[in-house]
Structure formats: C-alpha cells, structure tokens
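Read through the structure below, which is laid out as structure tokens, and then see the notes.
Every value quoted in this text rests on a predicted model; they were computed, and no experiment measured them. Atoms within a ligand are numbered from 1 in the order they appear, just like the ligands themselves.
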Amino acid sequence: MTSASKADRKALLVDCDTGIDDAIALLYLLADPGVEICGITTVFGNISAATAARNTLWVLDVAGRTGQVPVAEGSELTLVGEQTHRTGDVHGGEGLGGAEVREPSGRVVGESAAELIVRTARERPGEVHLLATGPLTNLAVALRLEPKLTGLVKGVTVMGGAALAPGNITPAAEANVWHDPEAAQAVLSAPWETTLVPLDATMREVMTEDQRLSLAGSRSAVARFAADILDHYMDFYTSVFGCRCCACHDVLAAAIAVGDVVPTRAATVRVAVDTSPGPARGATICDLRGQYKGKAKQRGATCTVVLQTAGGFPETVVQRLLRT
Ligand code: BDR
Ligand code: CA
C-alpha cells in the first residue's frame, strides 16, 4: 500500500448495488490511503437501491469510516421505468449473505445518486473517476441531468458485460448490463474514456476457500466480516465452478479503476448493447474483429474492454484486508 499526500489521492465516486462483491470492493478501496472515495451512490440490482444504501452504510461502519463518505440512494427502476428481478440467490435476500448486518449509524444524504454524481463532477472538473459496479441506471440519469458530464469526469470504469465469455444471468448477458440494457447502451456509447471490465476478466480471478479461511481466522474485524459475507458467495459459486471459490467481479474493476491492476489484454473498440426483447437482451457486442491484426485502436472508440488480467489478484485482496 502506498502512502499518498492529499493532493495525490485518486478521487473516486463509486456507484454500486451493495451486494457481497460490491462490499468487498468498497473495503478494498477504503483500505487504500491513496484513494479518496468522494461519494457512494446506490442502485437497484442485487437488491433494492435502499437496501444497497443500508448495506453501504454498514460497510462504512465495519471499516470505521462512518460519516466520512456521503452515501446517496439512486434508482429503484430501470431507465425505462421497469422493475427487474433481484438476484437474491447470489447475494442472499438482504444482499450481504448471512452476515449479521445491524442498523447502521450513518444516514443517506438528501440528494439523489445522479445529483450527487453531477454536483461532485461540477465541483471538481477533470478530477473524479467514476466506478460503477451495478446496473448503469444512475450514470445514465446523471448523463441526462448534465450532458456535459462526459467532459467533467476523468474517466469511467464499469464492471459489466461479457465480450467473448458467456453471460451469467442469461446465456448471453452479464447481470449488471442485463438489469438495464438501455442505461448501459447510453453509458457505453457516451463520449468519455470508459474501461469495461467484463466476465472475460472477472471470472478468471478466482478466490479460493483457503483464502477465505485465512480472512476468517484473522484478528481484523474487517477481514472477518469479508469472510462472513464471502461464505454465502462461495456457496453460490460452488454451482458455477464445481468447488468452493468465487469470482472477483467488482473488486477487480475497483483495482483497475485505481491502477492497482493493469490488464494484460485489452482492446479499445465500439461496444453495442442488445436492447431487443429477445434472448440476447443485455448482451455486450464488442467489435473485436481487429484482434487478428493486433490490438489497433478502433477509430472513434472510447471504450477499452478488458479481456484478461495476469491472475493472482485475489491474494492481493486478501493481503490488503488482512492488514486492515
Ligand atoms: C455483477 O453482478 C452482481 O451480482 C455483482 O455484484 C457484480 O457486480 C457480476 O455479474
Ligand atoms: Ca455489483
């Protein structure tokens, strides 16, 4: 972990549906003195935006950061006003597995998620990076609220999509994009520098049960909380991988957003989202035809799709949480 002067700290706004791996991503970021989380906004997805906000406030309590980061609630419905089903089997009914979650001591702020994003970006033009680890509804609403937002933020990192890998919530679609394809289309086609961290990368960075047990045996309350929530996540992922382990989705995107992980394979290409009502709804169609002639940047493209990272990242997460 690096120590950084206040001016050097990376300013981050995190938009999430605090679920288990969102919580791990937040704990990972909160443990980095080089990162300034200037706001956390919540969206429906794994659970409701209200429950995600409650879980976020609880994560701040666990991390000893109550009251230090503003938390704003965002959209409960998609951009076109629909409700999609929640993914309770993956994260548990309340989003944090079976872990004990008490009434948090902090409260959400009065402004909405999109308002907080826009206000922060206006106050600190060119300084703040957006990290999205849930459906992209809040970001799409923020873009409607302030069309100049694309020029106000430093960049955007999104956990979502499946470029060449299969989907997870449907055969074609990844959950965050599938929950609100219209919002994802708006965000991924907007003219800002975006890094998309899809299942191609996140399903290859797998945390093992032994790593979880090392967290469980720690003296750190943060590490033990992480082990508690990951217990449920590994129950779910046993049906995916055939052994007790779990993918590192949101925390990998977090690490890429702050520069801790540099992708080993990525391509800057146009990305279209399937918004049709058919079986491909929510699929991310990444134009990777150029891969046969190297990784030439596609003209006009601003979305960098991460296809691979080096592996071994879960141990970095574990070591950081053990040090908290
Ligand atoms: C994504 O969906 C959610 O279940 C996770 O929190 C992650 O953001 C993975 O597809
Ligand atoms: Ca998430």
- Query: Between Glu315 and Gln211, is any side-chain donor less than 3.5 angstrom from a side-chain acceptor?
  - Reply: yes
- With the Ca ion (ligand 2) at the centre, find the angle made by OD1 from Asp22 and O from Thr133, to 10°. 130°
- Query: By number and element, which atoms of ligand 1 are closer than 4.0 Å to a non-hydrogen atom of His249?
  - Reply: 9 (C)
- Decide, counting backbone as well as side-chain atoms, whether Asp250 has an N, O or S atom less than 3.0 Å from the Ca ion (ligand 2). yes
- Item | Test item: Asp250 and Ile24 side chains (from C-beta on) under 4.5 Å apart, heavy atoms | no
- Message: Under 3.5 Å, is there a donor on one side chain and an acceptor on the other for Ser276 and Asp274?
- Response: yes
- Task: Report, in ascending order of atom number, the atoms of ligand 1 lying under 4.0 Å from any heavy atom of Met159.
- Result: 1 (C), 7 (C), 8 (O), 9 (C)
- Item | Which atom of Asp17 approaches the Ca ion (ligand 2) most closely (N/O/S) | OD1
- Message: Assess the residue pair Thr304 and Thr195 against the criterion (side-chain hydrogen bond (donor to acceptor under 3.5 Å, both in side chains)); give the C-alpha distance rounded to whole Å, side-chain angles, the decisive distance to 0.1 Å, and a yes or no.
- Response: CA-CA 5 Å; Thr304 299; Thr195 301; 5.1 Å; no
- Heavy-atom distances under 4.0 Å are what count here, so tell me which part of Thr202 touches ligand 1: side chain, backbone, both or neither. neither
- Query: Is ligand 1 under 4.0 Å from a heavy atom in the side chain of Asp250, in the backbone, in both, or in neither?
  - Reply: side chain
- Query: Can you find a heavy atom in the side chain of Leu116 that is under 4.5 Å from one in the side chain of Leu13?
  - Reply: yes
- Item | Side chain, backbone, both or neither: Asp22 near ligand 1, heavy atoms under 4.0 Å | side chain
- Item | the Ca ion (ligand 2) to nearest N/O/S of Asn176 below 3.0 Å | no
- Query: Would you say Asp21 touches ligand 1, if touching means a heavy atom closer than 4.0 Å?
  - Reply: yes
- Message: Taking 4.0 angstrom as the limit and counting only heavy atoms of Glu174, give me the atoms of ligand 1 inside it, by number and element.
- Response: 1 (C), 2 (O), 9 (C), 10 (O)
- Message: Measuring only between side-chain heavy atoms, which start at C-beta, is Ser220 closer than 4.5 Å to Leu321?
- Response: no
- Task: Measure the spacing between CZ of Arg124 and CD of Glu36 and express it to the nearest 0.5 Å.
- Result: 4.0 Å
- Item | ligand 1 contact on Asn168 by region, counting heavy-atom pairs under 4.0 Å | side chain
- Query: Is there any N or O on Tyr233 that sits under 3.5 Å from an N or O of ligand 1?
  - Reply: no
- Message: Under a 3.5 Å cutoff, is there a donor and acceptor pairing between the side chains of His249 and Asp21?
- Response: no
- Answer yes or no: is there a side-chain heavy-atom contact under 4.5 Å between Arg204 and Leu199? no
